[in-house]
Q: 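Encoded as structure tokens, here's the structure I'll be asking about.
The shown structure was predicted, so the numbers you read here are calculated from the model rather than taken from an experiment. Protein chains get the first letters and strands the later ones, always in sequence-line order, with residue 1 at the start of each. Values below: all heavy atoms of this structure, side chains included; hydrogens, waters and symmetry mates excluded.
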Protein chains: 2
Amino acid sequence: MDIKIVDVANKAGVSPATVSRVLNGNAYVKSKTREKVNQAIADLGYHRNAFAQNLRSQKSMTLGIIVPDINSSYFAEIIKGIENMAYSRKYRAIICDAENQPEKELEYLSLLLSRTVDGMIIATPAISDEEIVRLSDKGYAIAVIGKNIDHPKVPCIFTDNVKFSREVIDHLVGLGHRDIVFLSGYAEAVDSFERLEGYLKGLKEHHIPFRPELVENGNFNEAGGYEAMMRLFDKKISFTAVYAANDEMALGVYKACAERGIRIPEQIAVVGVDNNRISKYLTPTLSTVNQPKYAMGAVIAEKLIDQMNDNEFSEKRVFSVDSELIVRGSSGGPKASS
Amino acid sequence: MDIKIVDVANKAGVSPATVSRVLNGNAYVKSKTREKVNQAIADLGYHRNAFAQNLRSQKSMTLGIIVPDINSSYFAEIIKGIENMAYSRKYRAIICDAENQPEKELEYLSLLLSRTVDGMIIATPAISDEEIVRLSDKGYAIAVIGKNIDHPKVPCIFTDNVKFSREVIDHLVGLGHRDIVFLSGYAEAVDSFERLEGYLKGLKEHHIPFRPELVENGNFNEAGGYEAMMRLFDKKISFTAVYAANDEMALGVYKACAERGIRIPEQIAVVGVDNNRISKYLTPTLSTVNQPKYAMGAVIAEKLIDQMNDNEFSEKRVFSVDSELIVRGSSGGPKASS
DNA sequence: TACTTTTGTGAAATCGATTTCTTAATAACG
DNA sequence: CGTTATTAAGAAATCGATTTCACAAAAGTA
């Protein structure tokens, strides 16, 4: 038996409307009345019923976030950024872990359709650009992390995959490597494609001919990276460096090399992407590309909330953030964690 | 302009009540009518408004989870267990990351009070047992991970800290160690206390006198573990093994040892707790205690949901799960990751 | 003083789905 | 065939907070 607004109204000898006004800081309330009401609220230990409030306002002050996996420091950091920004704007976040399953992504997307969340931030690859455009046109508030959606109402934040991939190649070539393997992620992700593009451009700049047999798919996970390396070893082709499109796959590379007794970086240099928390604890420490994860989360959350509220399709909608290459032991930097 | 139930009703030529019956699978609807309604729903692309539904049912089908940190594989795994169980029971989960700040825990707790979630799972130390008992008495649905709350309506799941801590000591003593450091976590957590208790009992069993100077507090995080080790080194006391109350602190131990040029496990053996994902990638691999994290999450979520629904204070409310010691390179096992 | 503007408050409508209460139409049964 | 169950479906009340509308009281202005 919960206390409702009428109970407070009765206790204070006013109407529910007046209680509501006090609750919402409406100015047209005598200070004496306000006091009476506040006293009644305190006496009864009244809490407003969020369900009724949501129905009336058609808002839940809740953001949904869909990520491929929360047990990855990459997404965990992004989530923290979103969460803190949302919290400061009085929003809550519902985190949806799609566990790398495209079906789950779509199921979670229906959260938005059922209007339990006011807006949604998508950081997964399986939800297509067309679907996002369609939903946005229908009036749903959506923001995207990791790719650029061509729609005036969809805030996007991503990093320049091509740019940092070229830097990675620069770095490796600078160390004398010419036979550089590229481990790609699954095909649905733009990240896979763009990092490959950067790899190709990097080679071209250094006039190194592209050898297709040096590209393998590792599905962005450790097992995939391991298997891809095994395939490469079995092919008996020579290479001296591996650029893995993320750190998870680099873990698989380490494992495969350990099994074959190949030393990193002496025999094979390795560079990953994401600056996963694990990367600096490996032996040797893993060279990787760091993205400003926390900031990315915070920025996209802020933009989405802004847009949901004032509907002013803000000056800036698309954010490309810079990533930096961190050179560690796996490609010539200090081998131990500092 | 969303489509509502009346629109569907009009289109199908029936009353909103009938549409609701179709929506909720009520048997008293002619199959012909049902078809008409379903057709109208499909034609209009109707989605029920969750806010109205929540208000009517006074339920949101949402669970809140408060954890100290999502960027820790320990909690991430627990969350996955909760999430999947909740999902299969048609519940959603709101994950609240308290970021190791007691104030944040309390703020999130107020989420529950505002009734936006139907139940809450607490995995943080700062919310006191008394508070939990008080809220449960008030009718809020709460479950707890990591400690045992003495209240008939609060499902709890935890592991026997004393038991596995004794096993850790057994293991270390078995390797010939007698001067074993204990790195404790912050005092608010029962885990700290109970793991210390197990450490003491373990020593006693082996007739090893307790030396208080071998106990240091590392606050459950890497920096704390590092600083604690530095204090120990500076005290110039001798010891040959460290039992860290979690893997995070063990990371700090590794770092401190690296700086001082101390070899693990030759000079100092190390054992942690949690089987954090990182632990098996360290060099040497870290011996640790594994808890069935995913299963713990799933079990507690199931119990909470059961209790919220049928109110039958189920036979079993308190779950003590077994943990197992995983011996790796830091205490004599294989040094490289397998 | 008479009239306009600003304050202050209550009654009632609203948000949209569900459910109770009715009533009507069939079906089942003696 | 008449009477009781069962099935089917609508009207209206309900969940609880907010807001519009209406009106009165107080304050300000000519």
Side-chain angles (χ1 to χ4, degrees), chain A residues 1-41 44-62 90 110-118 139, chain B residues 1-41 44-62 90 113-118 139 309:
Chain A
M1 264 294 282
D2 278 340
I3 294 125
K4 27 191 166 173
I5 203 169
V6 273
D7 301 324
V8 176
N10 291 338
K11 173 117 185 174
V14 297
S15 76
T18 299
V19 177
S20 173
R21 280 188 265 261
V22 171
L23 248 21
N24 295 294
N26 184 311
Y28 292 140
V29 180
K30 256 202 278 191
S31 59
K32 232 179 170 176
T33 313
R34 189 181 302 276
E35 276 170 37
K36 272 194 302 183
V37 170
N38 281 325
Q39 188 58 52
I41 289 172
L44 296 170
Y46 169 77
H47 278 280
R48 11 143 123 49
N49 182 307
F51 299 140
Q53 203 174 25
N54 290 349
L55 172 60
R56 187 63 233 237
S57 63
Q58 291 296 316
K59 280 196 214 167
S60 59
M61 300 304 282
T62 303
K90 300 206 181 305
S110 72
L111 253 188
L112 178 63
L113 303 176
S114 71
R115 295 278 192 211
T116 27
V117 298
D118 296 343
Chain B
M1 264 290 285
D2 278 340
I3 293 126
K4 27 190 167 172
I5 203 167
V6 274
D7 301 322
V8 176
N10 291 337
K11 174 115 182 172
V14 297
S15 73
T18 299
V19 178
S20 173
R21 281 187 266 258
V22 171
L23 249 21
N24 295 292
N26 185 309
Y28 291 141
V29 181
K30 254 203 279 189
S31 59
K32 233 181 171 175
T33 313
R34 188 181 302 276
E35 274 169 39
K36 274 194 301 183
V37 170
N38 282 325
Q39 189 58 52
I41 289 173
L44 297 170
Y46 168 77
H47 279 280
R48 351 148 134 52
N49 182 307
F51 300 141
Q53 203 174 25
N54 290 349
L55 172 59
R56 188 61 233 236
S57 63
Q58 293 295 316
K59 281 195 214 167
S60 59
M61 299 305 280
T62 303
K90 300 206 181 306
L113 303 177
S114 73
R115 295 279 194 206
T116 29
V117 298
D118 296 343
N309 290 326

Q: Does D:dA17 have OP1 or OP2 under 4.0 Å away from a side-chain N or O of A:Tyr46?
A: yes
Q: At under 4.0 Å between heavy atoms, what does B:Asn54 touch on the DNA or RNA strands: base, sugar-phosphate, or nothing?
A: nothing
Q: Can you tell me how far C1' of D:dA17 sits from CG of A:Asn49, to the nearest Å?
A: 8 Å
Q: Over all strands shown, is B:Val19 touching base, sugar-phosphate only, or nothing at heavy-atom distances under 4.0 angstrom?
A: nothing
Q: From NZ of A:Lys36 over to P of C:dG8, roughly how many Å is that when rounded to an integer?
A: 13 Å
Q: Do the side-chain N or O atoms of A:Gln53 get closer than 4.0 angstrom to the phosphate oxygens (OP1, OP2) of D:dT18?
A: yes
Q: Taking the side chain of B:Pro16 as heavy atoms from C-beta outward, which of D:dT19, C:dT18, C:dT9 is closest to it?
A: C:dT18
Q: Which part of the nucleic acid, if any, lies within reach of B:Thr18 when heavy atoms closer than 4.0 Å are counted: base, sugar-phosphate only, or nothing?
A: sugar-phosphate
Q: Take atom CG of A:Asp7 and atom P of D:dC15, then tell me their distance rounded to the nearest Å.
A: 11 Å
Q: Would you kindly give the CD-to-C1' distance between A:Gln58 and D:dT19, to the nearest whole Å?
A: 14 Å
Q: Compare side-chain N and O positions of A:Tyr28 against OP1 and OP2 of C:dG8 and report whether any pair is under 4.0 Å apart.
A: no
Q: Between A:Phe51 and B:Thr33, who's closer to the 5' end of DNA chain D by nearest nucleotide?
A: B:Thr33
Q: Given atom NZ of A:Lys30 and atom P of C:dG10, what is their separation to the nearest angstrom?
A: 10 Å
Q: Regarding A:Gln58 and B:Asn49, do their side chains bring together a donor and an acceptor under 3.5 Å, going by distance alone?
A: yes
Q: Using a 4.0 Å heavy-atom cut-off across all strands, classify A:Ser57 as base, sugar-phosphate, or nothing.
A: nothing
Q: Send over the distance from B:Leu23 CG to C:dT19 P, rounded to a whole Å.
A: 11 Å
Q: Tell me if the side-chain of A:Arg56 makes a donor-acceptor pair with the base of C:dG16, cut-off 3.5 Å, by modelled atom types.
A: no
Q: Do A:Ser60 and A:Asp118 have a side chain donor and acceptor closer than 3.5 Å?
A: yes
Q: If the cut-off is 4.0 Å, is B:Asn24 near the phosphate of C:dT18, judged by side-chain N/O to OP1 or OP2?
A: yes
Q: Does A:Asp7 reach the main-chain N or O of A:Lys4 with its side chain, forming a donor-acceptor pair under 3.5 Å?
A: yes
Q: Whole angstroms only, please: what is the CG-P distance between A:Leu55 and D:dT19?
A: 12 Å
Q: Are B:Arg21 and D:dG10 close enough that a side-chain N or O sits under 4.0 Å from OP1 or OP2?
A: no
Q: Would you check if there is a donor-acceptor pair between the side chains of A:Arg34 and A:Asn26 at a distance under 3.5 Å?
A: no
Q: I need the NZ-P distance between A:Lys4 and D:dT18, as an integer number of Å.
A: 15 Å
Q: Find out whether B:Tyr46 and B:Ile5 are in side-chain contact, i.e. whether some heavy atom of one side chain is under 4.5 Å from a heavy atom of the other.
A: yes
